[in-house]
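The model shown is predicted, which means the values in this text are computed figures rather than measured ones. Remember, it's 1-based here, ligands and their atoms both numbered in the order they're listed.
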Amino acid sequence: MKKELILVLNCGSSSLKFSILNPISHKKYFFGVVECLFLKKTRVKINVLKKIYKKILPDFSDHSFALSFILNFIKKKFFNYYKKINGIGHRVVHGGINIKKSSIINKKIIFEIKRSSIFAPLHNPSNLIGIKISKKFFPHLSKKNVAVFDTSFHSSLPKVSYLYSIPYKFYKKHNIRRYGAHGISHNYVMQKSSKILNKSEKSLNIISCHLGNGSSITAIKNGRSIDTSMGLTPLEGLIMGTRSGDLDPAIIFFMYKKLGLSLEKIEEILTKKSGLLGISEKSSDCRYSEKNFKKSEQSKLAIEMFCYRLSKYIGAYSILLENRLDALIFTGGIGENSQLIRKKVVSKLSLLGFYLDQKLNISVNKNNYFINKKKSRSILVIPTNEELFIALETQKLIKLIKE
Ligand code: ADP
């Protein structure tokens, strides 16, 4: 094996995911996750060539400790693979106003990531720690660290879509605008659907629904994002696991002035206690509400509201695509797995010419992405693969570096 593996790092707010893969064959050699960072019983799980290693780390471990643990583990036990790493791709949540594409990490990029932390305070600082630690472990690859941004796919949004109708100075002075998120996933499924539909990206019009704990929908015209449901932050838009998505901003004033709740408390309610969890009053997990759909009125409501909001967005976004809508795409944990959500959403879309084939909806798999009836527009279920996308972007950029 040549020196050709890519290490992909995704340092989230309280978790850390990583993988080591070959960007040419797409073969994944290592992948793993650290959960419960900053909490008790921080745990790490590493999959190596079909074997699983588990370990409990010291309570309240942080990203720096956890990542050092993983890299030391691989270095010690699997040096043959470790030494073949030739580039490192970092998922970075927010690129701010200036970054429009994946970039080799240099001082300017670090500055922009730091500057954009104001919009992603739980994520960008963790991403910076991932960059620092990987440079420490791989000093010879210090020019081969690549940042792949969740916001950059949405840098093509037109002004009418990204501006909020608040005084213009808040945009000009403070960069308050829609940035969107999940761009890596939306971009990946756009590229994949272009292959499946045998249509060039430049002439592809689709609506991509990334439905997971966090959910967002993007209107993609001629291969470019023209509108997306997440806004300045990932709080706006669809109903999510624990996030409210769209609401009347006056609810915040009401909670603050009339109910006497602090701003911190309101933020916690809207980001951590709302969405499927808030409506069902039981769980943020879609599977719970599905399981209890017939037994619990509130679980049923959670599912119905989730689908109602999503179908409303699909209707609105279809108008933006004007003269052509090639396909509706479902991806993310819910989009890929929930037959019920797909069925309920598509049942509301006959005006747009979408009709579900229930047999295909149930049997959808890697070899058959389509779940629509013959007379319908295309509806596809495409498993997202953000780490592969990051590895490919990393490979593309480091190939341009002169050794
Ligand atoms: P994240 O945003 O954290 O990446 P995921 O994309 O992994 O989230 O999606 C997590 C969501 O997917 C959870 O709400 C979970 O309930 C849902 N999910 C996973 N498997 C299924 C399934 N078989 N049926 C319904 N929902 C599922």
- Message: Tell me whether K291 forms a cation-pi arrangement with Y288, defined as NZ or CZ under 6.0 Å from the six-membered ring centre and within 45 degrees of its axis.
- Response: no
- Message: Here's one to test your reading of the geometry: is the NZ or CZ of K17 within 45 degrees of the ring axis of F31 and under 6.0 Å from its centre?
- Response: no
Give me the nearest non-hydrogen protein atom to [atom] as residue plus atom name, then the distance to 0.1 Å.
| atom | answer |
| --- | --- |
| atom 4 (O) of ligand 1 | K17 NZ, 4.7 Å |
| atom 2 (O) of ligand 1 | N213 N, 3.1 Å |
| atom 22 (C) of ligand 1 | N337 CB, 3.2 Å |
| atom 15 (C) of ligand 1 | D285 OD1, 3.4 Å |
| atom 11 (C) of ligand 1 | I334 CG1, 3.8 Å |
| atom 26 (N) of ligand 1 | R287 CG, 3.6 Å |

Is [X] close to ligand 1, meaning an N/O of one under 3.5 Å from an N/O of the other?
| X | result |
| --- | --- |
| G333 | yes |
| C286 | yes |
| H210 | no |

- Item | Is_contact(atom 9 (O) of ligand 1), protein non-hydrogen, under 4.0 Å | yes
Testing the 3.5 Å rule here: is there a donor-acceptor pair between the side chains of [X] and [Y]?
| X | Y | answer |
| --- | --- | --- |
| T42 | E35 | no |
| S185 | T384 | yes |
| E4 | N86 | no |
| T331 | H210 | no |

- Query: Does the ring centre of Y171 sit less than 6.0 Å away from the ring centre of Y164?
  - Reply: no
- Message: Any salt bridge linking K273 with E268? Criterion: basic side-chain nitrogen under 4.0 Å from a carboxylate oxygen.
- Response: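 Between E268 and K273 there is a salt bridge, with a charged N closer than 4.0 Å to a carboxylate O.
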- Among the heavy atoms of G214, does any lie under 4.0 Å from an atom of ligand 1?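 It does, in that a heavy atom of G214 comes within the 4.0 Å cut-off of ligand 1.
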- Could you list the atoms of ligand 1 found under 4.0 angstrom from a heavy atom of E290?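 Every atom of ligand 1 under 4.0 Å from some heavy atom of E290: 25 (C).
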